[in-house]
Amino acid sequence: MKDVPRQDVRMVEALLFAADGPLTLDAIAAHLPEQAPVRALLEEVETMYAARGINLVRRGNRWHFQTAPDLFHILRRADAAPRKLSRAAIETLAVIAYHEPVTRAQVEEIRGVSLSKGTLDLLMEMGWVRPAGRREVPGRPLLFATTPGFLAHFNLRSRRDLPGLDELRAAGLLDPLADALEAAREEQEEPVLNFGEASGPGD
Amino acid sequence: MKDVPRQDVRMVEALLFAADGPLTLDAIAAHLPEQAPVRALLEEVETMYAARGINLVRRGNRWHFQTAPDLFHILRRADAAPRKLSRAAIETLAVIAYHEPVTRAQVEEIRGVSLSKGTLDLLMEMGWVRPAGRREVPGRPLLFATTPGFLAHFNLRSRRDLPGLDELRAAGLLDPLADALEAAREEQEEPVLNFGEASGPGD
Amino acid sequence: MNDLFRETRPAAEEERLDLDIEGWEGPLDLLLDLARRQKVDLTRISILELTEQYLAFIADARRLRLELAADYLVMAAWLAYLKSALLLPKSDTDEEAEGADMALRLHLRLQRLEAMRTAGAALLERDRVGEQVFVRGAPEGLQQGSRRYDCSLYDLMRAYGYLAGRGRAVSYSIRRRPVFSLEEAIRWLERTIGGAVDWDRLSAHLPRTGDPVFRRSVTASGFVAALELARQGRLVLRQRAYDAPLEIRAAGE
């Protein structure tokens, strides 16, 4: 591999690497100089990579790179890419981080919706949230707080490093306008004023 | 390339190839057999691919494969217009990158205008800028710094690779304004500045 | 000053100062642009000339009645002061020293802005991922222990910003106050005045209320409604003495 590879081989490598999915001969040819011997090039690259950790493989009439099948065990391939945390989970985590320690009821009050059981469980399973004692009020509800793992994951030295409301607003992350409009629309139905006819001037 | 590559090299290739993003040494080591000389392996793979259509590159303390820069003309999709960044966003990013960590007020002082809401928001959304603690002065303003994603996107091995960093530093252009003023006052004898003698009233 | 301004401007079309104030991001940006037009190294720039150019620009903009943001005018005032300090006869006065210091400060700020602008441009020139170089298009992904879920600090901040913003919207919402509109007041007066030819207090023709806020609205709208109807010649209005109650009657005769 020390010898300098030919330019057309380099192009095929780069194309297949950057592609969103397997490519047909025609799709590859469209990016290469005219008259490039696409099939021969592909076979050349296929041979070159045959023993490596990455292989060029053909599926139907499409080609793509994939990791060598025998290395499957070290990749421990996930069934799916890391999933995005649900909005409920992110919001719950945010409320806990900003207000900790908080009870479940407080989280629900701030978010305005009830919290499904799975959400807190998930955050605890991820190691970002932990139970942190009980509030000494009737019912002694459990309190929740963030963990050192939470700080580590978000690269924070302490919770005080979280941006405050003014800073969120300054960064454009606190925009109540849309919600204010929505709230105003909801109020619209209420009768504006009720006077007059019923209490005429006769009295 | 005909000779059979060593198994640990193959593993490194496969790992970096399969990864969703740049990997740290630790993340790579976690998938390799214990005692694997991760750094040496990475450097070996880096050399191996240096002339190919795919290169192994280091960004901060993370490594990833990317296509060779000289091949961009065959890879760029015709329809993909480069995302245009506003001048405010570019300058703000530059100020943060060259001075990090900085407060919002410092960015505003250098740019001479207040930072509009969307700018930091956008830079954070792009994954290039992050909150990085607070400055321990009254008001404890939030500090901002760049991310590993910034290094990766701009193809920088480390912050030391920022274009012109050494020259700017040597010229004192990254020092706080107050320090620069102090230094310049001391040099006052030297005719650094031309206050406009040419059009002064004396002549 | 305008003459000087034109003198220092080369006549070539693209060199002409475009009087579009939107083109600059604040006064410092404009100053840097003017400094570049001096076509010398920024370290040799004439601060006095720069000051005069800026003041001329502002004067032109005002002459053309362009909207000028306050910070442009603040900078103009500052530069006018700087100019007078620089023009003082050379002596060891405090003013002269202060002028030199102000000029130095401006000079350093321009250099810094210029440096960051150049640095930003240099960053964009690099081989950027997704522009000149590409990462793998369809990675299989690695399973990494506990990181099955992805959430960045940005996601967290945005979520909290959303929640907090919602709370804030409620506290900022404007409560609807009871109001007696002008239209209602006119309708009310028209109905109650009928054909009444006797003088009567205006307030007797308006709705009564125990709500002090609403009463203020009734008084104001009732008064304006009475004026409007008087203007239309439909009622007559009088006030016997200063501070006496307003009286109305239908404009019969």
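Proteins get letters first, then strands, A, B, ... in listed order; numbering begins at 1 in each.
Here L124(C) is the residue among T118(C), L50(C), D71(C), L124(C) with the most heavy-atom pairs under 4.5 Å with chain B. For the set V129(C), D155(C), L113(C), the entry with the most heavy-atom pairs within less than 4.5 Å of chain B is V129(C). Counting heavy-atom pairs closer than 4.5 Å to chain B, the top-ranked of the candidates L108(C), L153(C), V133(C) is V133(C).
Using a cut-off of 4.0 Å between Lys/Arg side-chain N and Asp/Glu carboxylate O, R87(B) and D29(C) are scored as salt-bridged.
Of the atoms belonging to L165(B), not a single heavy atom falls under 4.5 Å from chain C. For chain C, the nearby part of A152(B) is the backbone; its heavy atoms alone come within less than 4.5 Å. Residue contact with chain C, scored on non-hydrogen atoms closer than 4.5 Å, is absent for H73(B). With a 4.5 angstrom heavy-atom cutoff, M75(C) does not touch chain B via any of its atoms. For R111(B), the parts sitting under 4.5 Å from any heavy atom of chain C are the backbone and the side chain alike. When heavy atoms are compared at a cutoff of 4.5 Å, A89(B) does not approach chain C at all. Of the atoms belonging to L168(B), it is side-chain heavy atoms, and not backbone ones, that fall under 4.5 Å from chain C. Using a 4.5 Å cut-off between heavy atoms, H64(B) contacts chain C through its side chain alone, with no backbone atom that close.
Pairing each heavy atom of N155(B) with each of R126(C), the nearest pair is O-NH2, 2.6 Å. The nearest pair of heavy atoms linking L123(C) to A94(B) is CD1-CA, 4.4 Å. For A184(B) against L104(C), the heavy-atom pair with the smallest separation is CB-CD2, 3.5 Å.
Put simply, the side chain of R112(C) gets close to the backbone of D175(B): a donor and an acceptor are under 3.5 Å apart. Distance alone, capped at 3.5 Å, is enough to place a donor-acceptor pair between the T67(B) side chain and the F134(C) backbone. For R109(C) (side chain) and E109(B) (main-chain N/O), a donor-acceptor pair under 3.5 Å exists by modelled atom type.
Between R136(C) atom CZ and F65(B) atom CZ the span is 10.5 Å, to the nearest 0.5 Å. R128(C) CZ to F154(B) CZ: the interatomic distance, rounded to the nearest 0.5 Å, is 5.0 Å. Note that the CG atom of D127(C) and the CG atom of D70(B) stand 9.0 Å from one another [nearest 0.5 Å].
In this structure, I90(B) and M116(C) have side chains that are not in contact, with every pair of non-hydrogen atoms separated by 4.5 Å or more. Looking at P131(B) and M157(C), their side chains come closer than 4.5 Å, going by heavy atoms from C-beta outward.
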